[in-house]
Structures are given as structure tokens and as C-alpha cells.
Amino acid sequence: MPLVAVATAGLAHARRWGLLAALLGFAAGWTAWALSHDPSWFVGDDLDHAQRLAAVRAGLAGLVLVLGGYFLAARRLGRPLADFAAAWNRRLLLLAGAPAGILLAVPGLAERRGFVPLAVSLGLGLLAAATAAGWRDVLGERPARPRLTAAVLLVLGLGVAAALVHLGVVRHHALVSNIHDLGIFENVLWRSLHGDLLATSLFAGDTFNHQHFAPLLLALVPFYAISPRAETLIVVQVLWLCSAAVPLYLFSLRRSRSLALAFAVTFAFLVSPLVHAAALWDFHDLTLAVPLVLWALWAHDGDRRLGLALAACALLLVREEMGLVVAAFGLFAVLDARPRRGLLLLALGLAWFVLVARVFAPGTGVGAHADGLRGNLVEATSYGDLALALLANPLRLPLELLRPDKFGYLLCLGAPLLLLPACAGRLLLLLLPGAAIFVLSGNQYVADPYFHYSAFFLPAVFAAAPVGAMSLQQRFARPRTLELAAGIVVAALAFGWSFGLPGGSFRAGFHPVPTSLTETERERHAWLAELARSLPADACVAATGDVGAHLAARRCFAWFPARLDVDYLVLHREDINAKHMPLLRNLRAEQRFRTVDEQHKILVLQRNPEN
């Protein structure tokens, strides 16, 4: 054979498998070397000449090992090298993304350069899906084991719940929780337990209805009665939010008919930092909606009318915005071939929303939070103003969604799920109420994944993942559930590692979550708990934010400095800012209060009897 023909055949042979095998080998060798070094070096390119040489040598060593391994294995099995190597290239394709995975170990990278770990998570997920395609002949032969799958998810869910309960209690005892909002909700439940339903002295009119209409909170009173402490609210919120994995799994299994995909979507929910942040960020009524939306979807999909009715009614009681969520559910049901059911839900949701806005709690919603709106909506006083603003300027929606913070937030929702929710079609109607708030709100924390506003999106986005997967599969007319399941698991793990507790960027609300208490913090919490017990039950107490969440179980309770006509002031010096200092000096100069105790930088002042 002529030399040119031999060379041409060799190059064709190499193009078929050799170049990709070399890339995989180099990536594996380089990653093995990089794991033993500080990952932040690679972000700043802080390698000296000797380290660069060592990195290249490690990559070349990996290349030689992979190519040599292919050659020896193919010869031992008696298979053509090209066929064997091409098959294993597909099975090892995830190694190509191993170098990018090093970035996930960079502390705080998600906080500083959030789009980088988002892109890495999505890329690794897509590579994992492509890798799983190479294993389809092996994985497809294994029998489905639904009981084992359910058992694994149950153990994972219980483990996640236990970890979150621990972190939530530690966070509270370390004074990271706040009077806004844990203190508010404990005061509401304490007052409700003692006969004042949905009352709180922290809001005008002595009622929670001044800010939000959330009668479902009354369902938590029996649990709070068992142990009337703030920790009860933390435990209830964690367990309730984690329980959403049950309807999500059932709905995903029914919609996809794929055990692997149902497992992957539920797994992604349980390891999601957005879910963890919602569970740990004090306590909020919005989080109560997450399992209810998923139960409603499950009941609707299985034509369980009683279950759907119960879930929808409970959802209406969560908060005033849920009337719009039920109405959006009705639109979805109409387009999902249940027109009568859909029209009934649409009418019910809108009627309830109007009743709450006009009769039950007219001061809630926009009226209570108009200062959180943007631009020409600052003067908005009604939902009609908001609807007018949306219809008058349809460009507002895309422009707002393409802002870096809001677009990044959308990627945080979709990247761990391989962006599959975007293919879910009509199910995305459930996102309309949350999307309207997301677009119109000038509150920066609405677009922060570590706050409770994710409750508007979490149930619909995760439920949309299996629906989107099936839509994609039908479009390509090929089974892809195993591949997509593998991709979701890898993307969710990568996202959770970078944006969760291991990555160093995780927080719940404003602050990072501590994992343990120091001895000083234990002593401080014990002293503060004793102080809460020792203050007279009928005394009116005002406190700064971080200690306020420990003193809310009383009838008269306020936030310092919003109210000063109280019997006691409990002030944490580290929570007193420069604006408070003149007021505190005046109170002492006028001798309106006297110091009765001070420990752990917490000052306890009692009103002078003659003032």
C-alpha cells in the first residue's frame, strides 16, 4: 500500500477515536494533578513555570494511560481497536468535563462569579447525559426496582431533613435568625394559641392581616402548642418543605413513566440549595405553598377530584397571592383537556383573590408593599395598577428578565434540571403569578435564590422537568429518559456543591449558615432563654432584631426602635447601628429606662416606675 494511503488511513482511524481518547486521557491526568492543589490558583492563573510543566506532564501521563489501556484491553478481548475505543470514549465522555469540575471546589466562586459555576453545572449535566447514552445497553437491561428507588429517596429525604433541622436550630441559637420574620410568626402563633387568632403586636392594628392574609397558619397552632418555641416553627417548616418530595416523585413517575427520571428530579429537589435556603431562612408563610401545589398537580394528573379540591382550598389559605396561583392552575387545567375543572378553578381563584383584596384583608398585598415596586409603579396602590403597567409596556417583561441578577436567578432554577422546564409548555402557566411579582418588584431579594421568594417557582419548575423531558423525547422520537436522568443527577450535584454549603457561598437570607455553636454561643443562648422565661408574662417587651426571635412568645412584643412605650428593652449591642445610638443616649439621659442586666453584649433595660 502506498505511504500516502497508509497515512490517510491512519489519520482517519485516529479521527474516529484517537483525538477524543487523547482529550479524555489528558483531562483525567490533569484533573488528578489539580486535585492536590489549591483550586483558586486556576481561577487566577497563579501557576509558576514548574507547576505548569508538572500539570502538562500529568495530562500527558493520563493520555498515555488511556491510550495504552485501550490498546491492551482491545487486544485482550480480541476486538478491533477502533470499535472498542470509540465505544469507551462514549462511556467516559464525562471525563472531558473533569477539569471544569475543579472550579466547583473554589470557595465562594458562586458568590463572586456565579455564571461560571452555573455554566459548569449545566455543562457537566449535559456531558453526563451524553455519557449515559454510551451505557444504555448496560443500564437498559437492568430491571426497574421501584421499592429500592423509593427507599433511597426516603433515606435521602430524612437525612436532608435531619441536617436542615440541625442547621436551622444552630442558626437560631447563634442569633442569626431575626424578629423579621421568625419573631413575627412565633408571635402570631403564640397569640393564636392564646385566643387572639392571627394577631400580632408587631403590625399596625394588632393583626397579621395588616400585611398578609394567611389563615393556614392556624393549622400550625396544634404543633406549636406541643412545644411553644421558635424551634418548633423551624422543624415544621423543614419537614413540610421536604415532604414536597413525595408528590413531586409521584407526579414525575406518572407523567414520565420513568423510574430513573422520577428519581433524578426528586433527588435534584432534595439536594437543591434553593430548597435548603427556603427551609432555613427563618420562617415564612410562602413556603407552605410548595407541597400543596405539587399535591394539586398530582391529584389533577390522576383525576383525584377530592385530593385536588383539598389541595386547592388549602393553597388559597396560604397567602393572598395564592388566589392567582389557583387561577393559573385553572388555565393550565383548561389547556390540559379538563375545561370544566379548569374554569371552576379559575373562577374560584379569582373570586377568592377579590374577596381577600376587597373584604377579608384589603390592606394586604400591594397596599402593604407598594414601596417594593419599581419605576413608575411606586405610586401603585392596587393590583389594577400592576395589570395596567404590564399591558401598557409589554417590553418590560423581557427587559426585566434579561437583567443579570434576574437572568442568573432563572438559570439557578433551570440549570440543575438541564433547562428541561423550558420545554414543559402549558404547565409553565403556573409560573405566571410569581413571574409578575418577579418582573415588577424592585425588591432585590425577590431575585436572590437564597430567599423565600423561590417558593413561587420551586413547585412548578421541578414539576415541569419531567414534563419537559417527555416533550423533548417525543420531539426526537427516541427514548432519552435514562440519559436525562443521569444528566439531572450530575448537574444537581454540581450545582448543590457550588451554590450550597460546601461551596462557601451558601446562606439562608442575609447571612451564612453556621454549622455548629461555639461554647460562648451556647452560654449566650442559655442565658437568653433564661431571660425570656424570667421576664414577666404580662410585660411589654421591645427588642433588636437578632434577639427578638427569642422573645416573641408574649402578648405585647415590639421591635426596637419602632416602639418605645414598653416595659423592657432587650438590645444586642452588635445589632444597634449608628442611627440608634442618639435615641439610646436620650432614653438614658431622660432616665426613662434603667439597666437591670447586661451579659454577652445584650443589654436589658427596664422602664422606671415614675416614667
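All heavy atoms count here, side chains included; hydrogens, waters and symmetry mates do not.
Two residues are said to be in side-chain contact when any heavy atoms from C-beta on lie closer than 4.5 Å; Tyr249 and Leu153 meet this criterion. A heavy-atom distance below 4.5 Å is found between the side chains of Leu297 and Phe332. In this structure, the side chains of Met470 and Ser256 come closer than 4.5 Å at one or more pairs of heavy atoms. With a 4.5 Å cut-off on side-chain heavy atoms, Asp405 and Gln444 do not count as touching. Put simply, the side chain of Asp303 reaches to within 4.5 Å of the side chain of Arg341, judged on heavy atoms. Using a 4.5 Å cut-off on side-chain heavy atoms (C-beta onward), Val116 and Val106 make no contact. For the pair Leu308/Leu345, a side-chain contact is recorded, criterion being any heavy-atom separation below 4.5 Å from C-beta on. In this structure the side chain of Tyr453 never reaches within 4.5 angstrom of the side chain of Ile437, judged on heavy atoms.
Contact record, Ala491 with Pro416: CB-O, 3.7 Å, taken as the closest heavy-atom pair. Considering every non-hydrogen atom in both Trp33 and Ala58, the closest pair reads CB-CB, 3.5 Å. Among all heavy-atom pairs drawn from Ala264 and Val489, the shortest one is CB-CG2, 3.8 Å. The two atoms that bring Leu94 and Ala128 nearest to each other are CD1-N, 3.8 Å, heavy atoms only. When all heavy atoms of His276 and Val160 are compared, the pair lying nearest together is NE2-CG1, 3.9 Å. Across every non-hydrogen atom of Ala268 and Ile488, the tightest pair is CB-CG2, 3.9 Å.
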Verdict with supporting geometry, Val290 and Phe457, side-chain contact (heavy atoms from CB on, under 4.5 Å) | CA-CA 9 Å; Val290 176; Phe457 302 96; over 6 Å; no
Determine, stepwise, if the pair Ser121 / Trp497 fulfils side-chain contact (heavy atoms from CB on, under 4.5 Å).
-> CA-CA 9 Å; Ser121 300; Trp497 183 272; over 6 Å; no
Determine, step by step, whether Leu348 and Leu316 satisfy the side-chain contact (heavy atoms from CB on, under 4.5 Å) criterion, reporting the C-alpha distance in whole Å, the side-chain angles of both residues, the deciding distance to 0.1 Å, and the verdict.
-> CA-CA 9 Å; Leu348 175 64; Leu316 291 173; 3.9 Å; yes
Test side-chain contact (heavy atoms from CB on, under 4.5 Å) applied to Phe407 and Phe115, step by step = CA-CA 10 Å; Phe407 185 68; Phe115 283 101; 4.1 Å; yes
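Side-chain atoms of Ser471 do not come within 3.5 Å of backbone N or O of Val467 as any donor-acceptor pair. Using a distance-only test at 3.5 Å, with no hydrogens or angles considered, a donor-acceptor pair links the side chain of Gln237 to the main chain of His284. Side chain of Trp135 to main chain of Arg91: a donor-acceptor pair is present (N/O by atom type, distance under 3.5 Å, no hydrogens or angles).
Once rounded to the nearest 0.5 Å, the distance linking OG1 of Thr31 with CG of Leu95 reads 8.0 Å. For the atom pair Leu501 CG and Leu164 CG, the distance stands at 10.0 Å (nearest 0.5 Å). Here the CZ-CH2 distance, from Arg304 to Trp295, works out to 9.0 Å after rounding to the nearest 0.5 Å. For the atom pair CG of Leu156 and OG1 of Thr266, the computed distance is 9.5 Å after rounding to the nearest 0.5 Å. Here the CG atom belonging to Leu118 is positioned 4.0 Å from the CZ atom belonging to Phe499, to the nearest 0.5 angstrom. One distance of note links CG of Leu158 with CG of Leu239; it measures 9.0 Å at 0.5 Å rounding.
Side-chain atoms of His300 and Asp336 form a donor-acceptor pair, as typed in the model, at a separation below 3.5 Å. Asn89 and Tyr70 share a donor-acceptor pair across their side chains, judged by distance under 3.5 Å alone.
Aromatic ring centroids of Phe510 and Trp281 lie under 6.0 Å apart.
For the ring-ring contact (aromatic ring centres under 6.0 Å, His included) with Phe451, the lone residue among Tyr409, Phe456, Phe438, Tyr445 that qualifies is Tyr445.
Using a 4.0 Å cut-off between charged side-chain N and carboxylate O, Asp301 and Arg338 make no salt bridge. Electrostatic pairing of Arg507 and Asp448 counts as a salt bridge here, judged by a charged N lying under 4.0 Å from a carboxylate O.
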